[in-house]
Amino acid sequence: MLTNWDWILFDADDTLFHFDAYAGLRQMFLRYKIDFTREDYSAYQAVNKPLWVEYQNGAITALQLQHRRFAGWAEKLRVEPQELNQRFLEAMAEICHPLPGAISLLNALKDKVEMGIITNGFSALQQARLARTGLLSHFKFVVISEQVGVAKPHPAIFDHALELMGHPPRQRVMMVGDNPDSDILGAMNAGFASCWLNATGQPAPEGIRCDWEVSSLSDLHRRLLPDSPGQG
C-alpha cells in the first residue's frame, strides 16, 4: 500500500502528540499561585477557539492570537500577555507526549517514505517537543504556520511544503491530520490525498471529503504497512 505515496505529511497537535491544553494551563498558572479550574478553562476556550478560527482564516496573525487569548488574565496578574503565552507553551512542551502508536508508526515509515510536518501550532512548542521526543530526525522538514505567515487550510502553506519536497506529483502526497477544517480541507485544496484521524467518530463537515479515515495511528499503521510487526 505504501507504494502509493512518495511523501506523508503529518499534523502535530492531536495527530502525533496528545495536546491537553487544560493540563498545560493548570501547570502554567501554578507559577502564579492560581488554581485554574474547569470553569476558568471554559472561559478561556470561549475566547481562544474563535481566535483560532480567525487565525486559520487569515484574519489575525499568530502574535495577535497569542496576545488576545491571554489579555484578560494578563490584566488580572499585571503581566504582559506574551509572558503568559510563553509560559503556557513551555508547560505544554513539558507535558505533551506522543499519541499511542505514533512512535511505532514513524519508526516503521522512516526508511520507506519521506515525511514532513505541517502544523498551525507555534514554533516554540513544536521544536521543543520534537527535540524532547527524539522524533525530529524522522522528518525532512517542519512547516510551521507562524513562520510561513499563513495557516492551514490556506493553499500557500501547502505550496510551501510542496516546494520543500521538490515538487513531487501532488497525488503522491498524503496529509494526515485530526482537523477536517484545516488538515483535510487544506489537502483537498492543494490536490493532496488525505487521511482523517477521526478518533471520536465525528461526522465530516459538509463539503469535506477525505481519501482515508482512521480511528487511531495504529489503524493507519495497519493500512499503510499491513505486514509490519510491532503495530500498536
Side-chain angles (χ1 to χ4, degrees), residues 1-24 41 45 48-49 52-53 56 92 95-121 125-126 129-130 133-135 138-139 142-143 145 151-153 157-158 161 170-232:
M1 185 62 71
L2 202 55
T3 55
N4 292 345
W5 322 111
D6 295 327
W7 283 84
I8 298 179
L9 307 178
F10 291 90
D11 174 47
D13 296 335
D14 286 326
T15 297
L16 293 177
F17 296 98
H18 180 57
F19 191 87
D20 188 343
Y22 175 60
Y41 183 61
Q45 287 290 42
N48 183 57
K49 285 186 175 181
W52 274 98
V53 173
Q56 289 174 189
M92 290 303 297
I95 68 168
C96 283
H97 52 83
L99 283 173
I103 292 176
S104 59
L105 171 63
L106 295 175
N107 285 340
L109 292 175
K110 188 174 183 182
D111 297 323
K112 297 178 177 65
V113 67
E114 304 285 11
M115 292 186 286
I117 287 177
I118 306 181
T119 174
N120 283 354
L125 173 58
Q126 307 303 343
R129 200 165 44 178
L130 285 164
T133 56
L135 295 175
H138 288 63
F139 302 100
V142 179
V143 172
S145 60
K152 295 176 294 183
I157 194 168
F158 291 91
R170 290 174 184 260
Q171 67 272 20
R172 293 191 59 81
V173 180
M174 174 181 273
M175 177 74 208
V176 179
D178 71 295
N179 190 324
D181 295 304
S182 58
D183 301 314
I184 307 307
L185 179 59
M188 285 174 59
N189 292 340
F192 296 169
S194 63
C195 176
W196 182 18
L197 178 59
N198 184 10
T200 55
Q202 297 297 311
E206 187 175 353
I208 294 181
R209 300 175 308 279
C210 60
D211 296 276
W212 288 4
E213 182 176 333
V214 297
S215 61
S216 67
L217 292 175
S218 298
D219 188 9
L220 178 58
H221 194 154
R222 286 187 288 270
R223 293 196 66 171
L224 287 170
L225 298 164
D227 299 323
S228 174
Q231 299 171 28

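Contact detail for Ala190 and Arg170: the closest heavy-atom pair is O-NH1, 2.7 Å. Heavy-atom minimum distance, Tyr41 versus Ala21: OH-CB, 3.7 Å. For the residue pair Met175 and Ile118, the shortest heavy atom distance occurs at CE-O, 4.0 Å. Phe139 and Leu135 make their closest contact through CD1-O, 3.3 Å (heavy atoms, listed as atom of the first residue, atom of the second, distance). Between Ile208 and Ala204 the shortest heavy-atom distance is O-CB, 3.8 Å. When all heavy atoms of Trp52 and Gly121 are compared, the closest pair comes out as CH2-CA, 4.5 Å.
Proximity of a side-chain donor or acceptor of Trp196 to a complementary backbone N or O of Val214 within less than 3.5 Å is not detected. At least one donor-acceptor pair under 3.5 Å links the side chain of Asp211 to the backbone N or O of Ser194. Thr15 contributes a side-chain N or O that, together with a main-chain N or O of Asp178, makes up a donor-acceptor pair within less than 3.5 Å. Listed for the Asp14 side chain is a donor-acceptor partner under 3.5 Å among the backbone atoms of Phe19. A donor-acceptor contact shorter than 3.5 Å links the side chain of Asn198 to the backbone of Gln202.
In this structure, Phe158 and Val173 have side chains that are not in contact, with every pair of non-hydrogen atoms separated by 4.5 Å or more. Here the side chains of Trp212 and Leu224 are in contact, with some heavy-atom distance below 4.5 Å. When side chains are defined from C-beta on, Leu16 counts as touching Ile117, because their heavy atoms get closer than 4.5 Å. His138 is listed as a side-chain neighbour of Asn107, based on a closest heavy-atom distance under 4.5 Å. In this structure, Lys152 and Asp11 have side chains that are in contact, with non-hydrogen atoms separated by less than 4.5 Å.
Rounding to the nearest 0.5 Å gives a distance of 12.5 Å between CG of Leu109 and CH2 of Trp5. Atoms OG and CG, on Ser104 and Leu225 in that order, are 10.0 Å from each other to the nearest 0.5 Å. We find the CE-NE2 distance between Met92 and His18 to be 8.0 Å, quoted to the nearest 0.5 Å. Note that CD1 of Ile95 is 11.5 Å distant from OH of Tyr22, once rounded to the nearest 0.5 Å. Expressed to the nearest 0.5 Å, how far CE of Met115 lies from CH2 of Trp7 amounts to 9.5 Å. Atom CG of residue Asn189 and atom CD1 of residue Ile184 lie 11.5 Å apart, to the nearest 0.5 angstrom.
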Verdict with supporting geometry, Phe10 and Leu105, side-chain contact (heavy atoms from CB on, under 4.5 Å): CA-CA 12 Å; Phe10 291 90; Leu105 171 63; 4.1 Å; yes

side-chain contact (heavy atoms from CB on, under 4.5 Å) evaluation trace for Gln56 with Asn120: CA-CA 8 Å; Gln56 289 174 189; Asn120 283 354; 3.6 Å; yes

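In this structure, Lys49 places its NZ atom where only 12 or fewer heavy-atom neighbours from other residues, nucleotides or ligands lie under 6.0 Å away.
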